[in-house]
*Asks:* 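Mind looking over this structure? Questions follow.
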Amino acid sequence: MSITFDKAANIFQLNTKAVSYLIGIADEKYIGHIYFGKKLDNCQGGYALLRTDEKPFVPSKNERDKAAFADAFPYEYPTSGAGDYREPCLSVRTAQGCRICELVYTGHEIIDGKPGLYGLPSTFPKEGAAAQTLEITCEDAYIGLKAVLCYSIFEDSDAVIRSVRLINESKEPLYIERVLSACMDMDDESFEMLTLTGSWARERHMTRCPAAYGKHTASSVRGCSSHQEHPFAALLTPGTTQDTGEVYAMHFVYSGNFLALCQKSQYESVRMVMGIHPEGFEWVLDPWESFQTPEVVCVYSDQGLGKMSRTLHDLYRGHLIRSPYLHKKRPVLINNWEATYFEFDSDKLAAIAKDAKEAGIEMLVMDDGWFGKRNLDDSSLGDWTVNEEKLPGGLPALVERVKAEGLSFGIWFEPEMVSPDSDLFRAHPDWAIQVPGRIPTQSRAQYVLDLSRPEVVDYVCECVAKILRSADISYVKWDMNRQFTDLGSTFLPPKRQGELPHRYILGVYELQERLITEFPDLLLENCASGGGRFDPGMLYYSPQIWCSDDTDAVERLAIQEGTALLYPLSCMGAHVSACPNHIVGRSTSFETRGHVALGGTFGYELDITKLSVEEKEMVKKQIVLYHQYGNLVREGDYYRIASWQENHRYDCWEVAAKDQSEAVVTYVQVLAGANVRSRKIRLKGLDGKAMYRLEGTEKTFGGQVLMYGGVLIEPQEGDYRSKVLHFIRM
Ligand code: DGJ
């Protein structure tokens with residue numbers, strides 16, 4: 001790993017183990033993108049890729065056609081107003097109302113390590129392992145704006161981490177209308193664009209479309225990263241598979257509004273940008289103030305999507321997730337939401353805990369409905385006092401009862417919200433996000449609290465902390481069940497209203513930071529109506545995130561496939577729930593539900609007291625499997641073998657130990673077929689020279705046979721059947 005500057009060639013070269021990233025400074029000091037791809041031993045000749053000797057030439061050779069140059073140059077960080085008509089990263093309005101900004105190189109620094117980003121989630125170096133950061137400074141001297149383009153690399157990762165810092169060095173305020181975090185200008189290779197799209201209960205489905213002329217986006221202006229689109233985009237060379245093809249990916253370490261955009265230009269170049277969504281955004285930068293963008297993780301893979309996934313998984317496990325639970329076995333939990341919804345009391349929870357303990361479950365999580373007068377979803381958010389009619393003796397009594405049954409205890413909160421029917425709203429109606437004089441739009445009968453107000457952050461923080469101090473609580477599920485409307489803050493002055501969406505997210509981050517600082521042993525699971533805020537930003541605070549409210553085993557295959565494209569399996573909240581499934585009404589076998597949930601953090605979301613004796617026995621067996629494979633699933637390398645989204649019949653994924661000593665393969669036959677024979681499944685990531693034994697049998701296989709030949713999976717009778725195979729190196 002190294003970052004170097006070749007002064008003679010005017011090229012910065014960032015080298016990871018397998019990848020190089022090259023940036024050039026053109027004669028006129030424009031900063032251009034040269035290369036992101038397979039590792040180069042040296043950068044000789046790379047400067048030519050800036051095409052400054054090609055028409056329309058750099059301005060010094062052709063001042064009269066400067067605009068044409070600007071519209072063709074491969075910028076590292078494009079700005080608006082000076083001739084580049086492609087999508088810009090930066091738009092700045094001056095006090096005089098002009099919107100022209102042109103950045104030129106003024107200096108750089110290569111530093112050891114990687115600075116954190118104040119108030120924002122960010123990747124960090126591992127203790128004792130090397131990291132380096134390049135900070136390129138550029139300026140628009142005319143408006144007095146300095147921008148620092150930051151690039152970091154880690155010795156054990158092939159990702160390049162980018163962010164930007166703006167500093168107002170003028171004497172007047174500057175109005176930042178758009179400040180994205182990263183750009184990549186490349187030549188077109190008939191790319192396809194891969195995004196993750198969906199809806200509530202249908203999150204993160206993989207979507208591929210041609211990146212043809214024009215602009216293609218993934219974005220959110222919903223106040224959160226959203227169920228609908230994901231802060232991720234990748235450009236794929238034609239025919240890219242799990243193992244072949246080139247992938248250029250960007251993933252945003254942020255939880256609010258975002259824009260990911262690819263644009264194919266008139267010159268058949270492709271620009272990919274990512275950052276905070278400019279819609280509704282404006283930041284007033286007073287003299288000598290600075291603004292820090294969130295980070296974008298850039299990944300190049302020359303071995304298809306699989307390598308991209310594993311690069312991201314390792315980066316997030318090694319350099320983003322801070323929780324002490326990261327490498328620990330998570331407790332098998334049972335959550336009462338689908339078991340009881342709002343209708344529960346201490347006796348019901350204690351009964352669940354009793355049966356859960358007998359089956360081997362380790363934690364009871366009490367979901368929504370334990371506070372204020374909340375017997376439905378239409379009241380009490382903000383009133384974080386225990387409902388003693390449901391829970392006599394309050395939390396201490398309940399927690400002791402659950403602990404006496406042998407389980408630890410977890411609790412649900414939705415701290416960022418307020419119900420119109422709540423004491424909090426009656427006391428502080430101005431604490432809700434709203435535009436004075438307009439009736440704010442309700443969603444799930446609730447409003448969003450204005451977390452740009454420091455006193456609201458303090459109030460919310462204290463409410464949650466007070467509950468956590470009151471009893472022995474090991475886990476918090478932090479929910480967020482509505483998206484933004486009526487963007488207005490009664491706290492911010494008119495000229496700063498455009499800062500609200502970003503200030504809100506900074507407030508969320510501050511809340512969670514304070515929480516995990518005061519309760520360092522807490523296991524925090526984020527959630528937003530299922531997986532509506534599943535993003536790298538939230539992973540900085542919680543090691544796991546509830547994947548989706550859709551717990552149907554078949555629906556989950558697509559959701560978990562899309563999620564695992566980017567995130568380690570140890571992050572994906574996955575539970576076995578009752579049948580027929582509450583969202584789609586489908587019935588799947590208990591075994592298959594278990595196998596699918598074992599691909600995530602694992603737990604239960606059902607009324608265990610209502611299970612049959614046989615089903616309770618299956619719970620016990622599933623928990624044995626979890627203890628057997630849990631460490632491997634959490635720490636291993638993920639390989640996607642087959643996708644039922646593509647083949648419409650079966651799904652298959654594998655997790656192989658990093659030392660290749662074992663691998664677990666999950667195969668789900670979604671649809672049975674008539675007169676079909678065994679299917680050959682080829683494993684990946686094994687030691688080709690070693691022998692492996694299939695657990696529970698005397699069958700042995702050479703690693704190469706398993707990888708190049710495959711293993712036969714017999715067809716099963718009926719739909720939604722599954723198998724887990726465990727191979728152990730002999
Ligand atoms: C949405 C979550 O995704 C569910 O699991 C549950 O906690 C409900 N909210 C409670 O209101």
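Computed from a prediction, not measured in an experiment: that's the story for all the values here. Both counts, for ligands and for their atoms, begin at 1 and track the order of listing.
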*Asks:* Mind checking whether Asn481 contacts ligand 1 via backbone (N, CA, C, O), side chain (CB onward), both or neither, at a 4.0 Å heavy-atom cut-off?
*Replies:* side chain
*Asks:* Lys477 heavy atoms, cut-off 4.0 Å: which ligand 1 atoms fall inside?
*Replies:* 4 (C), 5 (O), 6 (C), 7 (O)
*Asks:* Looking at CZ of Phe491 and CH2 of Trp431, how far apart are the two atoms once the value is rounded to the nearest 0.5 Å?
*Replies:* 12.0 Å
*Asks:* Please list, in number order, the atoms of ligand 1 under 4.0 Å from a heavy atom of Ser529.
*Replies:*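 Going through ligand 1 atom by atom, the ones under 4.0 Å from Ser529 are 1 (C), 3 (O).
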*Asks:* Using distance alone, determine whether Arg374 and ligand 1 share an N or O pair under 3.5 Å.
*Replies:* no
*Asks:* Parallel, tilted or perpendicular: which fits the ring planes of Tyr254 and Tyr509, with parallel below 30° and perpendicular above 60°?
*Replies:* perpendicular
*Asks:* Salt-bridge test for Asp383 and Lys373: reply yes if a basic N is under 4.0 Å from a carboxylate O, no otherwise.
*Replies:*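 Between Lys373 and Asp383 there is no salt bridge, as every charged N stays at least 4.0 Å from the carboxylate O atoms.
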*Asks:* What protein heavy atom sits nearest atom 9 (N) of ligand 1, and how far off is it?
*Replies:*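 I find the closest protein heavy atom is Asp479 OD2, 2.6 Å.
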*Asks:* Below 3.5 angstrom, do we get any N/O pair linking Glu605 and ligand 1?
*Replies:*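 No, no N or O pair falls under 3.5 Å.
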*Asks:* Step by step, would you call Lys620 with Glu358 a salt bridge (charged side-chain N to carboxylate O under 4.0 Å, His left out)?
*Replies:* CA-CA 8 Å; Lys620 284 185 192 163; Glu358 276 166 21; over 6 Å; no
*Asks:* For Cys527, take its heavy atoms, then give the atoms of ligand 1 lying under 4.0 Å from any of them.
*Replies:*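 So the answer, numbered in order with elements, is 2 (C), 3 (O).
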*Asks:* Does any N/O atom on Trp337 come nearer than 3.5 Å to any N/O atom on ligand 1?
*Replies:* no
*Asks:* How close does the nearest protein non-hydrogen atom get to atom 3 (O) of ligand 1, and which residue and atom is it?
*Replies:* Asp549 OD1, 2.4 Å
*Asks:* Please write down residue, atom name and distance for the protein heavy atom closest to atom 11 (O) of ligand 1.
*Replies:* Asp368 OD2, 2.6 Å
*Asks:* Distance only, no hydrogens: is a donor on one side chain within 3.5 Å (strictly under) of an acceptor on the other, for Arg438 and Thr441?
*Replies:* no
*Asks:* How about NZ on Lys329, more than 12 heavy atoms from neighbouring residues, nucleotides or ligands closer than 6.0 Å, or not?
*Replies:*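 More than 12 within 6.0 Å, yes.
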*Asks:* Does ligand 1 have any atom sitting under 4.0 Å from a heavy atom of Glu525?
*Replies:* no
*Asks:* Can you confirm whether Arg374 sits close enough to Phe342 that some side-chain heavy atom of one is under 4.5 Å from a side-chain heavy atom of the other?
*Replies:* yes
*Asks:* Would you say Lys616 has more than 12 foreign heavy atoms packed within less than 6.0 Å of its NZ?
*Replies:* yes
*Asks:* Identify the protein heavy atom lying closest to atom 6 (C) of ligand 1, giving its residue, its atom name and the separation to 0.1 Å.
*Replies:*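 Among all protein heavy atoms, the one nearest atom 6 (C) of ligand 1 is Asp367 OD1, 3.4 Å.
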